[in-house]
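First the structure, in the form of structure tokens, and then the observations on it.
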Amino acid sequence: MDELDELGNPSVSNSILENLNDSQKEAVSAPLSNMLVIAGAGTGKTRVLVSRIAYLIKHYMIEPRNILAVTFTNKAAGEMRERIGLFVGEFLQRQLWASTFHSICLRLLRAYSKQAGLEPNFTVLDTDSQTTLTKRIMKELNIDVKEFKPSEAVSKICKLKEDGLRADDYIKRGRIFGESQYENMCKIYSAYEKICNDENSVDFSELLLRTVELLESNDEIRALQHRRFKEILVDEFQDTNSIQYKFLRLMAGKNSHVMVVGDDDQSIYGWRGADYTNMHKFLKDFDDVHEILLALNYRSSQKILDMANTLIAENSDRLMEKVLKGNIGQGDDVSILNCSNNNCEASAVVQLIAKLHEAGEKYKDMAILYRNNYLSLGFEQSLSMKHIPFVIYGGQRFFERAEILDTLAYLRLLINENDDTAALRIINVPSRKLGPKVVADLRAIGRERNCSMLQAIRLLEAYSKQEGADKALVSLYKKVTPFYNLILQMKEKKENAPLHELVDYVINASGLHEMYALKDAKEGKTGEENSRVSNLGVLVSNVKEFEASMNAQVAKEATAEEAKDINADNSENTASDGEITSTALEDPLLTYLSNITLVSTSELDEDGSSSTECDAVNMMTIHSSKGLEFKHVFLVGFENTILPSQRSVDIGSDKSISEERRLAYVGITRAKEDLYISYAQNRSMFGNIVTTGASQFLRQIVRSYNEVKKEDRPFKIIPIASQRY
DNA sequence: ATGTTCCTTCTTTTT
DNA sequence: GAAGGAACAT
């Protein structure tokens with residue numbers, strides 16, 4: 001290649017386009033325009049996205065700071081940044097925004113908190129606090145939390161926010177035909193909104209909604225974003241919900257271009273609002289959309305792809321029919337294991353794993369995928385019995401553990417003393433003899449004076465020093481004094497010590513350490529890897545890690561500032577959005593807490609450590625396997641009532657079954673070389689034995705090969721009889 | 001205020 | 001079958 005660019009230098013774009021196929025090249029090197037890339041499973045979607053960004057920077061000379069890349073998970077954002085760094089170097093990579101919808105909104109809201117109607121130190125409400133808060137509201141409104149579950153109310157609030165409806169809008173809208181709990185929801189939502197505002201906190205959907213409202217109402221801020229973000233790229237576009245779509249439309253200006261990449265066949269989050277028809281809408285709402293299809297699969301053998309193609313062809317609501325074509329050969333037959341019950345399914349799978357390992361395969365190249373978390377149990381036991389190492393992804397998450405949430409509640413209170421939700425969580429944890437009575441008294445004062453519990457205590461402090469103070473109030477103050485002093489001491493520590501010392505102090509001074517040590521001891525877990533005390537330790541080291549990365553970032557930002565000064569001539573919008581980049585000036589605790597709520601999982605698995613390096617069999621739900629690939633895949637519990645789930649069958653709509661079928665499709669397309677699909681005729685579930693049998697999806701696949709000679713089918717069915725191992 | 005026992009519930013999950 | 005929550009007793 002001796003192509004030269006306009007300046008007569010060898011073209012840098014060649015190295016970016018190297019090793020891409022024609023349609024990938026077309027996407028990466030397309031002219032600056034709006035683009036919809038439909039990328040089937042394993043067709044190099046992320047690669048195209050990363051290469052496109054590199055191409056924008058190196059070929060079109062777009063400044064990294066004018067590029068916004070949106071992903072769904074922090075993990076995906078991190079990977080993307082890393083891979084872009086390989087192309088354009090770390091210095092340029094650091095200037096571009098690559099993060100999740102929620103992180104972007106958080107950043108914008110911090111920068112424009114005043115315009116968005118928030119105090120700058122607002123906190124992000126995690127799911128647990130959100131449910132607790134809602135429960136509290138429902139109890140105060142005398143709504144039966146058995147009949148109408150707080151979690152249902154929470155998801156309703158989320159849905160309403162996703163539709164852009166505030167409590168007032170919801171009340172104005174009135175009840176929709178067939179809508180249950182409308183009157184209750186009106187009350188709950190109004191109260192919820194008020195408390196969040198009073199407590200200066202926002203939940204996840206609020207991050208999006210508030211940003212959308214800000215951009216809609218503030219022409220200046222919107223124009224600023226338009227000037228800044230010339231190129232916007234979105235990964236996993238089939239997973240966007242309506243408010244995220246709205247956000248994208250608002251962020252894109254007349255002269256910006258948006259490139260979205262997605263696969264409607266892999267849309268498996270419809271149940272939480274994702275709407276893959278946004279891909280369709282995109283074509284209508286954005287001008288001159290350049291459409292590109294990636295169908296060449298680099299991941300799986302043809303027989304695996306044939307199974308996947310046959311399955312997904314049954315879906316009638318696809319936006320586009322895609323037939324995945326592989327380029328790594330036919331491969332082996334897919335094995336379908338017909339097991340008589342779940343126990344022999346587990347032993348058969350484990351035996352196969354052992355056999356593969358004996359043949360020299362690595363455990364970490366194998367994965368067991370299942371529809372529901374509880375299905376992992378039998379496989380865990382069988383693997384343990386054979387002393388085969390395994391890692392379970394998902395399950396209970398580190399930042400959702402009680403001991404961690406307790407610690408975080410103390411920390412949140414130090415940042416934002418309006419946060420009654422946090423205060424209520426820990427005022428009596430560990431026990432300080434501050435029961436419901438004391439709490440009710442404090443909240444009564446709070447209501448009267450329109451302030452939070454902590455501020456109520458402060459008022460009490462001043463009041464009880466007065467002559468002739470009310471005895472009941474003085475005794476109330478005496479009761480809460482130790483707690484109040486504890487918080488004051490923590491605040492002092494916060495000012496005078498590094499973050500990790502503060503966290504360590506909070507854990508010990510609060511008595512949480514002692515309390516959880518006792519609990520561990522009772523369960524005989526002292527010193528164990530997963531004990532509560534060790535989790536608290538992990539939290540402290542996580543804070544240390546965060547501090548270290550913050551310090552590194554501050555150093556880098558300083559050099560970046562210098563560089564900016566040097567190129568000051570090209571600074572049309574340097575000053576105008578400078579405030580967004582100044583994360584370094586923020587309170588480190590505030591930054592840490594926001595990060596925690598937005599980042600939480602994935603990097604830290606259930607041990608709280610990043611244990612990716614060891615050779616162990618991977619176990620996870622099909623949902624969490626999206627985007628991953630493994631040499632050998634065991635797709636287990638491929639049964640009626642499980643996949644498709646009973647609930648989706650009960651709903652009875654094509655839509656709900658289609659999503660389950662896509663889920664099965666995602667599972668199948670994770671496999672590179674070997675795919676084993678297993679099902680049991682009988683399964684013991686929740687204590688009793690249920691007859692399940694092969695999934696309707698499997699029967700459909702098999703049926704469609706009825707006319708094909710056995711040796712030409714892409715699969716073989718192997719009966720596994722009940723026997724003892 | 002707290003410890004005990006019974007009863008319910010039981011997708012998928014990121015942010 | 002296990003875990004978390006609510007009602008009940010201490």
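So you know, we letter chains A, B, ... as the sequences are listed, proteins then strands, and number each from 1.
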Problem - A/Asn373 side-chain N/O to B/dT12 phosphate OP1/OP2 under 4.0 Å - result: yes
Problem - Sugar-phosphate only, base, or nothing, as touched by A/Thr100 at under 4.0 Å among non-hydrogen atoms - result: sugar-phosphate
Practice task
May I ask you to verify if any side-chain N or O of A/Thr621 is less than 4.0 angstrom from the OP1 or OP2 atom of B/dT13?
Solution key: yes
Handout entry: Protein-nucleotide distance (A/Arg683, atom CZ; C/dG1, atom P), rounded to Å
Key = 15 Å
Handout entry: Face-to-face stacking of A/Phe101 with B/dT15, centres under 5.5 angstrom, angle under 30°
Key = no
Exercise for the section: Measure the distance from CZ on A/Arg670 to C1' on B/dT12 and round it to the nearest whole Å. Expected result: 15 Å
Handout entry: Candidate nucleotides B/dT11, B/dT15, B/dT13, ranked by approach to the side chain of A/Trp271 - the nearest
Key = B/dT13
Practice task
Mind calculating the distance between CE (A/Met620) and C1' (B/dT11) to the nearest angstrom?
Solution key: 18 Å
Problem - Whole-Å distance separating the CZ atom of A/Phe399 from the C1' atom of B/dT14 - result: 15 Å
Handout entry: N-O pairing of A/Glu236 and A/Lys626 below 4.0 Å
Key = yes
Practice task
Report which part of the nucleic acid A/Asp126 touches: base, sugar-phosphate, or nothing (heavy-atom distance under 4.0 Å, all strands).
Solution key: nothing
Handout entry: Polar side-chain atom of A/Asp144 near backbone of A/Lys146 as donor-acceptor pair, under 3.5 Å
Key = yes
Practice task
Please state whether the phosphate of B/dT14, meaning OP1 or OP2, lies under 4.0 angstrom from any side-chain nitrogen or oxygen of A/Asn241.
Solution key: no
Practice task
Answer with yes or no whether A/Thr127 presents, from its side chain, a donor or acceptor under 3.5 Å of a partner atom in the base of B/dT14.
Solution key: no
Handout entry: Check ion pair A/Asp317-A/Lys655 (N to O, under 4.0 angstrom)
Key = no
Exercise for the section: Assess whether one donor atom and one acceptor atom, taken from the side chain of A/Arg371 and the base of B/dT11, lie less than 3.5 Å apart. Expected result: no
Practice task
Compare the minimum distances between each of B/dT15, B/dT11, B/dT12 and the side chain of A/Glu660, then state the nucleotide with the smallest one.
Solution key: B/dT11
Exercise for the section: From the options B/dT12, B/dC10, B/dT15, select the nucleotide whose nearest atom is closest to the side chain of A/Lys149. Expected result: B/dC10
Handout entry: Check: A/Tyr269 ring centre within less than 6.0 Å of A/Phe72 ring centre
Key = no
Handout entry: Per A/Asn74 side chain, nearest of listed nucleotides B/dT15, B/dT11, B/dT13
Key = B/dT15
Problem - Length of the line joining A/His102:NE2 and B/dT15:P, which is rounded to integer Å - result: 9 Å
Handout entry: Syn/anti state of B/dT11 by chi, 90° boundary around 0
Key = syn
Completion exercise
A/Tyr269 atom OH is separated from B/dT11 atom P, nearest whole Å, by 16 Å
Practice task
Between A/Arg647 and A/Leu434, just flag the one whose closest nucleotide in DNA chain B comes earlier from the 5' side.
Solution key: A/Leu434
Practice task
Between A/Asn372 and A/Lys437, just flag the one whose closest nucleotide in DNA chain B comes earlier from the 5' side.
Solution key: A/Lys437
Exercise for the section: Could you tell me whether A/Asp419 and A/Arg412 make a salt bridge, using a distance below 4.0 angstrom between a side-chain N and a carboxylate O? Expected result: yes
Practice task
Starting from P on B/dC10, measure out to CG on A/Leu375 and report it in whole angstrom.
Solution key: 16 Å
Problem - A/Ser624 vs B/dT13: side-chain N/O to OP1/OP2 distance below 4.0 Å - result: yes
Exercise for the section: Could you state the atom-to-atom distance from CD1 of A/Ile427 to P of B/dA1 in whole Å? Expected result: 11 Å
Exercise for the section: Would you please indicate yes or no on a ring centroid separation below 6.0 angstrom for A/Tyr679 and A/Phe638? Expected result: no
